Trainee: 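Quick one: the structure is below, and I'll ask about it shortly.
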Amino acid sequence: MTAIILDGNALAQKLRADFRTRAEALAAQGTRPGLVVILVGEDAASQVYVRNKVAACEKAGFYSEKISYPPDVSPALVLAKIAELNADPKIHGILVQLPLPAHFDSDAILDAIAPEKDVDGFHAENIGALMQGKPRFIPCTPYGVMKFFEDAGIALKGKEAVVIGRSNIVGKPMAMLLLHAGATVTVCHSQTRDLLFHTQRADILVAAIGRPRFVTAAMVKPGAVVIDVGINRLQAGPDAGKLCGDVDFDAVKEVASAITPVPGGVGPMTITMLLGNTLEAAERAAKRGT
Ligand code: NDP
C-alpha cells in the first residue's frame with residue numbers, strides 16, 4: 001500500500017483563500033484583523049517562526065506587528081505591554097512566542113493575555129473550555145491536524161487514536177480534540193512502557209515527539225493514518241541540515257493509508273489556523289462592537 005499524501009500546503013492555500021474573503025468582508029465593515037506577536041530573546045528558530053507568522057498575516061490582509069525584547073528583559077515590562085494590547089481595540093490576537101527565557105513564568109505571561117485575544121489557545125481559561133468541549137480558540141497545531149481529517153473525509157468516531165507526546169501545545173490538546181471527535185485515545189510519552197504495543201494498534205497515529213524519524217514502519221498498523229507534527233533539523237548523515245519529521249516518511253508511507261510529509265504537512269497548517277483564530281477573534285469583536 002502506498003499512502004495518500006496529505007498536502008498541508010494545498011489545504012493551507014484553500015483555507016487561506018477563504019480567510020482572505022472573510023477578512024475583506026470584515027474590512028468593508030471597518031474592522032481589519034490585527035495580530036501582535038511578542039518575541040523575547042534571540043532563539044533562531046523562534047525568529048523564523050515569528051517572521052513567518054507576521055508575513056502570513058500581511059499576505060492575508062491582516063494588520064500585524066512584531067514586538068521584540070532582549071533576552072534579559074524584565075517580565076514586568078512584557079506584562080505591561082500585554083495589558084496595553086489587551087485594551088487596544090485594533091488588536092484582536094496576541095501571541096507570545098514560546099519558549100520564554102528561564103527567568104519568566106510562562107504560565108503567568110500566557111494567563112495575562114485577555115482570553116478573547118488568546119489566539120494560541122494557551123490561556124488556562126481557554127484550555128478549560130477546550131476540555132469541556134466548548135473551545136473558544138483551539139491551539140493552532142492540533143486544530144490544523146483536525147482540518148486534515150475533515151478535508152480528507154477521515155472518520156474518527158470509534159477509531160483507536162494514539163498520540164505520542166503530551167505537551168501542552170500539541171499532545172494534550174490533540175488528544176482532547178480526538179476524544180471529542182469520538183476516537184478512543186491513548187496518549188504516549190517518554191515513560192510509556194510498551195510504545196510499540198500502542199502504536200501498532202492505532203488507526204490514527206499522531207507523532208509529536210521532537211525526534212527525527214522516530215516512528216518506523218514496524219510501529220505502524222497497515223492502513224493507519226499517520227500525522228507527523230515533528231520538525232527536526234538533521235545533524236549528521238547525507239541529509240545533514242535538512243528538515244525532517246518524527247516519522248520515517250519513506251518507509252511509513254508504504255504501510256500507512258494516509259500520511260503528512262515534513263516539510264509541507266502540519267507546519268503550514270499551524271500558521272493557517274493562527275490566521276483563522278485571529279480572524280475569528282476579529283469577527284467576534286466586530287459583533288460585540290468593541
Ligand atoms: P515537547 O518536547 O514539549 O514534547 C515532546 C513529547 O514527546 C513529550 O511529551 C515527551 O515525553 C515525548 N517523548 C520524548 N521522547 C519520547 C520517547 N522516546 N517515546 C515516547 N515519547 C517521547 O515537544 P512539542 O510537543 O512542543 O513538539 C513536538 C514536535 O513537534 C517537535 O519536533 C516540535 O518542533 C514540533 N512542533 C511542530 C509544530 C508544527 O507547526 N508542525 C508546532 C509545534 C511543535 P515526556 O512528556 O515524558 O517528556
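Just so we're clear, the structure is a prediction, and the values are computed from it rather than from any experiment. Just follow the structure's listing: the first ligand is 1, and inside any ligand the first atom is 1.
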Trainee: Number the atoms of ligand 1 from 1 as they appear, then name those within less than 4.0 Å of a heavy atom of Thr270, with their elements.
Mentor: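 Numbered from 1, ligand 1 contributes 39 (C), 40 (O).
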
Trainee: Going by distance only, is there an N or O of Val229 that falls short of 3.5 Å from an N or O of ligand 1?
Mentor: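 Min N/O separation from ligand 1 is below 3.5 Å for Val229.
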
Trainee: Output the list of atoms in ligand 1 that are nearer than 4.0 Å to some heavy atom of Ile164, sorted by atom number.
Mentor: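 Checking each atom against Ile164, I get 20 (C), 21 (N).
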
Trainee: Is a side-chain N or O of Asp248 found less than 3.5 angstrom from the main chain of Thr216, in a donor-acceptor match?
Mentor: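 Checked: no pair found.
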
Trainee: By number and element, which atoms of ligand 1 are closer than 4.0 Å to a non-hydrogen atom of Ile169?
Mentor: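 Answer, ordered by atom number: 26 (O).
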
Trainee: Which side-chain N or O atoms in residues 90-108 pair as donor and acceptor under 3.5 Å with protein atoms at least two apart or in another chain?
Mentor:
{"from": "His92", "atom 1": "ND1", "to": "Gly34", "atom 2": "N", "distance (Å)": "3.0"}
{"from": "Gln97", "atom 1": "OE1", "to": "Lys53", "atom 2": "NZ", "distance (Å)": "2.8"}
{"from": "His103", "atom 1": "NE2", "to": "Val73", "atom 2": "O", "distance (Å)": "2.8"}
{"from": "Asp105", "atom 1": "OD1", "to": "Asp107", "atom 2": "N", "distance (Å)": "3.2"}
{"from": "Asp105", "atom 1": "OD1", "to": "Ala108", "atom 2": "N", "distance (Å)": "3.2"}

Trainee: Considering only heavy atoms of Thr141, which atoms of ligand 1 have at least one such atom less than 4.0 Å away?
Mentor: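 By the 4.0 Å cutoff, the relevant atoms are 40 (O), 42 (C).
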
Trainee: Would you give the length of the straight line joining atom CD1 of Ile154 to atom CD1 of Ile204, rounded to the nearest 0.5 angstrom?
Mentor: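 Here the interatomic distance stands at 6.0 Å.
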
Trainee: Which of the numbered atoms in ligand 1 are below 4.0 angstrom from a heavy atom of Gly267?
Mentor: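 Matching atoms, with element in brackets: 40 (O), 41 (N).
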
Trainee: What atoms of ligand 1 come closer than 4.0 angstrom to any heavy atom of Asn232?
Mentor: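 Listed by number with element, the hits are 32 (O).
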
Trainee: I'd like to know if the side chain of Lys117 and the backbone of Asn86 have a donor-acceptor N/O pair within less than 3.5 Å.
Mentor: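 Yes; judged by distance alone, with no hydrogens or angles, the pair exists.
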
Trainee: Short N/O distance, under 3.5 Å, between Arg211 and ligand 1?
Mentor: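 Yes; the residue has a nitrogen or oxygen that sits under 3.5 Å from a nitrogen or oxygen of the ligand.
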
Trainee: Do we get Arg136 above Phe122's six-membered ring, with its NZ or CZ under 6.0 Å from the centre and within 45° of the axis?
Mentor: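 Relative to the ring axis of Phe122, which defines the angle, Arg136 lies outside at least one limit.
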
Trainee: Can you see whether Thr2 engages Glu254 through a side-chain donor-acceptor pair at a distance of less than 3.5 angstrom?
Mentor: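 There is such a pair between these side chains.
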
Trainee: Applying a strict 4.0 Å limit to heavy atoms, is Cys188 in contact with ligand 1?
Mentor: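 Contact check Cys188 vs ligand 1: negative.
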
Trainee: Residue-level breakdown please: for Ile231 versus ligand 1, do any non-hydrogen atoms fall below 4.0 Å on the side chain, on the backbone, on both, or on neither?
Mentor: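 Looking at Ile231 and ligand 1, atoms from backbone and side chain both fall under 4.0 Å.
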
Trainee: Which bit of Ile209 gets closer than 4.0 Å to ligand 1, counting heavy atoms only: side chain, backbone, both or neither?
Mentor: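 It is both backbone and side chain that touch ligand 1.
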
